[in-house]
Amino acid sequence: MIAVGILAGASSPRAMAQYPASPQVTKDETAIELIEYASLPLSSSTTGSYPPPINYASYLGRVNFLRSEPADAPPAGSRFFVADSNRNLYILDKSNRTFSTYINFEEVFPRFSNYSYAGGLVTFEFDPAYASNGRFYASHIETNKNAFYNPLNTSLPGFNTNGYVPTAVVNLPGVSNAIWECVLVEWTDTNVFNNSFEGTARELLRVGIPDYEHPIGDLAFNPGVGPGDADYRNLYVAVGDGARGDTTGSLHTVPQRLDVLLGKILRITPDLNLRPSDELSANARYRIPTTGTDSNPFVSLNLSGLKKEIYAYGFRNCHRLSWDALT
């Protein structure tokens, strides 16, 4: 901990760091033992033909998230879901610690891009009502270097691609053609008991980023609420600044602008029927908490181009979200 004091003098006051007089971290008998639990299958990013050869000099099997289904989902005690940023969403069997591919995003989305350490399959999260509705959400990166192609189910025969329609890209003001796109998709599995995806998908949001760094970083639901609460099943979406906050020029202030989605935490309601009095998004794919006692904080501002989805702003790379369970 560093305390900050104010040094006064003839000139204007300035802050001066005051270091503690004694160490703030002490030793006790606590120890951490690391035990190998499971080994993720090797994978590499795609730099040429697909499938790419394993490149031992680059990113291998990039585990980004390991999550359990909600506790009331029948298989929750027997498996984890694991995201490899290179392309695969796996199911990890807790008993024999083996991996099976649940969805290969690169084979489903023709414009999928794992070009960099920030690209690929970024994150996923389960709907709090997953046990009954089979819904979960995932974010991945696509490139617009190619024309849009509908998702494919060649390697995922249980995936019904009928009705999948891309949303319009939300680009920065004055930027009409960002190279990279963060794509937020709602998946509905019609059979949550097995290890294969069978169901449909619905695109919720597509955000253009001018750089491959700092894309959508995490998805989360408030764990402290239940059915009937104003925040129940509202999805929090951490959106990085696309590296604009640390880049000079006209877009440097992007994280502070309320007419831009980049550099923000968004809060949206994917279920259009949950709170029908709330405002519909511009692409009509989700609602925005705009009514009641827990509306988003900036919905009443009179600002041209205001993005009412914004819950908090001013972030460079909000890569993780979590709740303090005590407060």
Side-chain angles (χ1 to χ4, degrees), residues 1-7 15-44 54 56-86 88-100 102 117-118 120-128 130-131 136-139 195 213-226 229 231 235-238 240 246 265 311-312 314-327:
M1 178 179 70
I2 297 177
V4 177
I6 300 298
L7 182 65
M16 181 178 67
Q18 302 293 321
Y19 288 91
S22 61
Q24 301 299 293
V25 179
T26 58
K27 296 181 179 180
D28 58 18
E29 301 303 317
T30 302
I32 297 176
E33 182 181 8
L34 299 180
I35 300 175
E36 183 175 318
Y37 181 75
S39 296
L40 192 77
L42 294 179
S43 68
S44 294
I54 300 301
Y56 292 92
S58 188
Y59 316 116
L60 292 174
R62 298 186 292 146
V63 179
N64 208 13
F65 287 92
L66 179 150
R67 284 173 166 153
S68 289
E69 298 145 285
D72 59 343
S78 63
R79 64 188 189 181
F80 289 115
F81 281 72
V82 184
D84 174 359
S85 293
N86 282 332
N88 287 328
L89 180 58
Y90 290 109
I91 288 180
L92 170 58
D93 188 299
K94 293 182 180 180
S95 60
N96 57 27
R97 300 174 188 178
T98 58
F99 291 83
S100 58
Y102 182 61
Y117 55 86
L121 170 58
V122 181
T123 187
F124 69 99
E125 182 59 291
F126 294 98
D127 189 303
Y130 169 82
F136 63 95
Y137 301 85
S139 172
N195 284 359
E213 294 180 317
H214 307 176
I216 288 180
D218 202 1
L219 307 171
F221 289 94
N222 184 345
V225 299
D229 190 283
D231 202 26
L235 179 62
Y236 291 77
V237 184
D246 55 357
I265 294 175
Y311 183 77
F315 298 93
R316 179 173 179 265
N317 187 20
C318 36
H319 193 49
R320 293 290 189 273
L321 294 175
S322 63
W323 263 259
D324 182 340
L326 296 178
T327 62

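Aromatic ring orientation, Phe65 versus Phe124: perpendicular (interplanar angle above 60°, classes split at 30° and 60°). Relative ring orientation between Phe81 and Tyr102 is described as perpendicular, the plane-to-plane angle rising above 60° on a 0-90° scale split at 30° and 60°.
Checked by atom type and distance alone, the side chain of Asn96 pairs as donor or acceptor with a backbone atom of Thr98 at under 3.5 Å. The backbone N or O of Phe80 lies less than 3.5 Å from no partner atom in the side chain of Ser68, so there is not a single donor-acceptor pair. Judged purely by atom type and a 3.5 angstrom limit, Asn222 has no side-chain atom pairing as donor or acceptor with the backbone of Asp231. Asp84 places a side-chain N or O within 3.5 Å of a backbone atom of Arg62 that can act as its donor or acceptor partner. Looking only at distances, no side-chain donor or acceptor of Asn317 sits under 3.5 Å from a matching main-chain atom of Gly240.
Here the OH-OG distance, from Tyr236 to Ser322, works out to 13.0 Å after rounding to the nearest 0.5 Å. Annotation: the span from Leu40 atom CG to Leu42 atom CG amounts to 8.0 Å, rounded to 0.5 Å.
One side chain, Thr123 or Asp218, offers a donor N or O that lies under 3.5 Å from an acceptor on the other.
By the 4.5 Å heavy-atom criterion applied to side chains, Phe136 and Leu89 are counted as neighbours. When side chains are defined from C-beta on, Glu125 does not count as touching Tyr130, because their heavy atoms never get closer than 4.5 Å. At least one side-chain heavy atom of Lys94 sits under 4.5 Å from a side-chain heavy atom of Tyr37.
Scanning all heavy atoms of the two residues, the minimum distance from Ala238 to Cys318 falls at CB-O, 3.0 Å.
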